[in-house]
Structure formats: C-alpha cells, structure tokens
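Written out below as structure tokens is the structure these notes cover.
We count residues from 1, following the sequence as given. In this text the structure is predicted, and so the values were computed from the model without any measurement. The analysis underlying the following values was restricted to heavy atoms, covering all of them including side chains, and did not include hydrogens, waters or symmetry mates.
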Amino acid sequence: MKIMKRPNILLTGTPGVGKTTLGKELAQRTGLSYVNVGDLAQEGQLYDGFDDEYQCPILDEDRVVDELEDKMGDGGMIVDYHGCDFFPERWFNIVFVLRTDNTVLYNRLENRGYTGKKLQDNIQCEIFQTIYEEAMEAYKEEIVHQLPSNDPEDLERNLEQIVQWIEQWTKDNN
C-alpha cells in the first residue's frame, strides 16, 4: 500500500447542510482535491436506475468506488456526499458529519425546490441523526466528528478547525 503524504477527508451529512460550500472552500485553502460524488456520478452517468418516488437517479455505488479508487490511494482528497457507508473504510483518515438546525435546513431545502415526502424525509434524516449513525457504524469512532453548520460563523470555525487538523496530520505523517 502506498503511503499518503496528504490525508483523505469525507464530508457527509443530510442534503443542504453545507458540505459542498465547506468542501470547495477547504480545497481552495489547502490545495487538496475536491470531489462532489453527485457531480462525479452525473458526469460519468454512474447510475443504476431512477427513483420515481424521490424523482432522482439511483447512484451505482460500486461504479463510484471504482471511479475513485486510484485517486483515494494517492491521498489529498476531500469527498462530499450525503451517504457514507458504501465507501471503503480504509479510504478516509477523518470523517466530518455536518449538522444543521432543522428550521435552517428546512429553509435551505425548500429554496432548492424540495417539497412533500422528499423534504420531510430529509428533515427526519437530520432529526434522527441518520447520517451520523451511519458514519459511526461504517468508520472507527475516533475518526468521526460532528460539526455544526448553521451560519457563516460555523463555516469559518469549521474551516479553521479542519485546516489545523490537516496541518497536524501532515506533520505527523511525513
């Protein structure tokens, strides 16, 4: 196995919690590579059908893993996706689950055009900490961290905290 010079980071959480905003800014500040799995799937048509109930394509998780495998082995990746339990555990040095207040999240999702069952199910997902629990089951407990993501101040604090973590990881592993 190759020794990574830079860490791999997973940003996960319910849709609308701010993963993409955080991931893109983090990549800009650190020079790590940013991958939005939804965009990757769309570009490569990495789908396995269509979900009529939620009106969205169904991700082909195996093809996504195949697509990312080589890049992940090199390190220096920030991966952004609302699911996390299908990625190989060995890929990530740290996992951040972004959490957002339900009222804030409701407004963000409504602004994205989410309605009805899709809106309600995503809010429930956040209320019941579904993604956090998924992350805790899929990865070692000590690498999974929750971060609040309600406002620009949270974003800035999260960026500072993760940048510090990356700097320390890089010192410790090179």
Exercise for the section: Kindly compute the distance separating CG (Leu119) from NZ (Lys117), expressed to the nearest 0.5 Å. Expected result: 11.5 Å
Handout entry: Side chain proximity check, Phe96 to Thr12, heavy atoms < 4.5 angstrom
Key = no
Exercise for the section: Determine whether Trp91 and Trp165 fall in the same hydrophobic cluster, where Ile, Leu, Val, Met, Phe, Trp and Tyr are linked whenever their side-chain heavy atoms lie under 4.5 Å apart. Expected result: no
Exercise for the section: Using atom types as modelled and distance alone, determine if a side-chain donor or acceptor of Asp80 lies under 3.5 Å from a backbone N or O of Thr20. Expected result: yes
Exercise for the section: State plainly whether one hydrophobic cluster holds both Phe50 and Leu46, where clusters connect Ile, Leu, Val, Met, Phe, Trp and Tyr through side-chain heavy atoms under 4.5 angstrom apart. Expected result: no
Fill in the blank from the handout: From the list Leu159, Ile162, Ile166, Ile9, side-chain contact (heavy atoms from CB on, under 4.5 Å) with Thr30 holds only for Ile166
Exercise for the section: Kindly say whether Thr100 contributes a backbone atom to a donor-acceptor pair with the side chain of Glu126 at under 3.5 angstrom? Expected result: yes
Fill in the blank from the handout: NZ (Lys19) and CD1 (Ile78) are apart, to the nearest 0.5 Å, by 14.5 Å
Handout entry: Same cluster (ILVMFWY, side-chain, under 4.5 Å), Trp169 and Phe92
Key = no
Practice task
For the residue pair Leu147 and Val97, establish whether any side-chain heavy-atom pair is separated by less than 4.5 Å.
Solution key: no
Problem - Within-4.5 Å side-chain heavy-atom neighbours: Met77 and Val35 - result: yes
Handout entry: Heavy-atom pair with the smallest gap, counting every atom of Cys84 and Leu10
Key = CB-CD2, 3.6 Å
Problem - Over all atoms of both residues, closest heavy-atom pair of Tyr34 and Ala27 - result: CB-CB, 3.7 Å
Exercise for the section: Would you please say whether a donor-acceptor pair under 3.5 Å links the side chains of Asn122 and Thr14? Expected result: no
Handout entry: SB check Arg90 Glu69 (cutoff 4.0 Å)
Key = yes
Practice task
Any chance you could lay out the side chain to side chain contact (heavy atoms under 4.5 Å, CB included) test for Met72 and Val79, step after step, and finish with the verdict?
Solution key: CA-CA 9 Å; Met72 297 306 292; Val79 175; 3.8 Å; yes
Completion exercise
Between Leu59 and Ala41 the two heavy atoms that sit nearest each other are CD1-CB, 3.4 Å
Practice task
Would you check, one step at a time, whether the test side chain to side chain contact (heavy atoms under 4.5 Å, CB included) holds for Glu160 with Glu156?
Solution key: CA-CA 6 Å; Glu160 288 169 11; Glu156 193 53 45; 3.4 Å; yes
Exercise for the section: Starting at CD of Gln129, measure out to CD of Glu134 and round the result to the nearest 0.5 Å. Expected result: 13.0 Å
Handout entry: Presence of salt bridge, Glu25 and Arg29, under 4.0 angstrom
Key = yes
Handout entry: Separation of Lys140 NZ from Asn93 CG (nearest 0.5 Å)
Key = 10.0 Å
Problem - Aromatic ring pairing Phe86/Tyr81, orientation class (parallel under 30°, perpendicular over 60°, tilted between) - result: perpendicular
Completion exercise
Rounding to 0.5 Å, atoms OH (Tyr114) and CD (Gln120) come to a distance of 13.5 Å
Practice task
Report yes if some heavy atom in the side chain of Pro7 is under 4.5 Å from a heavy atom in the side chain of Ile94; otherwise report no.
Solution key: no
Problem - Note, Pro15 side chain near Arg112 side chain (heavy atom, < 4.5 Å) - result: yes
Exercise for the section: Please check if the side chain of Arg108 supplies one atom and the backbone of Val17 the other of a donor-acceptor pair under 3.5 Å. Expected result: yes
Practice task
Identify the two heavy atoms, one from Pro88 and one from Tyr139, that lie closest to each other, and give their separation to 0.1 Å.
Solution key: O-CE2, 4.3 Å
Handout entry: Side chains of Glu61 and Phe87 in contact at under 4.5 Å (non-hydrogen atoms)
Key = no
Handout entry: Greater than 12 external heavy atoms within 6.0 Å of Glu141's CD
Key = no
Completion exercise
Heavy-atom nearest pair, Ile58 first then Asp51, reads CG1-N, 3.8 Å
Problem - Arg157 bridged to Asp154 by N-O distance under 4.0 Å - result: yes
Handout entry: Heavy-atom check, side chain of Gln168 versus side chain of Gln164, under 4.5 Å
Key = no
Problem - His145 side chain reached by Gln161 side chain, heavy atoms, under 4.5 Å - result: no
Completion exercise
Between the CG atom in Asn36 and the CD atom in Glu43, the distance rounded to the nearest 0.5 Å is 9.0 Å
Handout entry: hydrophobic_cluster_shared for Val163 and Met4, side chain cutoff 4.5 Å
Key = yes
Handout entry: Heavy atoms of other groups near Lys118 NZ, more than 12 under 6.0 Å
Key = yes
Problem - Cluster link Leu22 to Val95, ILVMFWY, side chain under 4.5 Å - result: no
Completion exercise
Taking every heavy atom of Gly76 against every heavy atom of Asn8, the minimum-distance pair comes out as N-OD1, 3.2 Å
Handout entry: Whether over 12 other heavy atoms sit under 6.0 Å from Glu110 CD
Key = yes
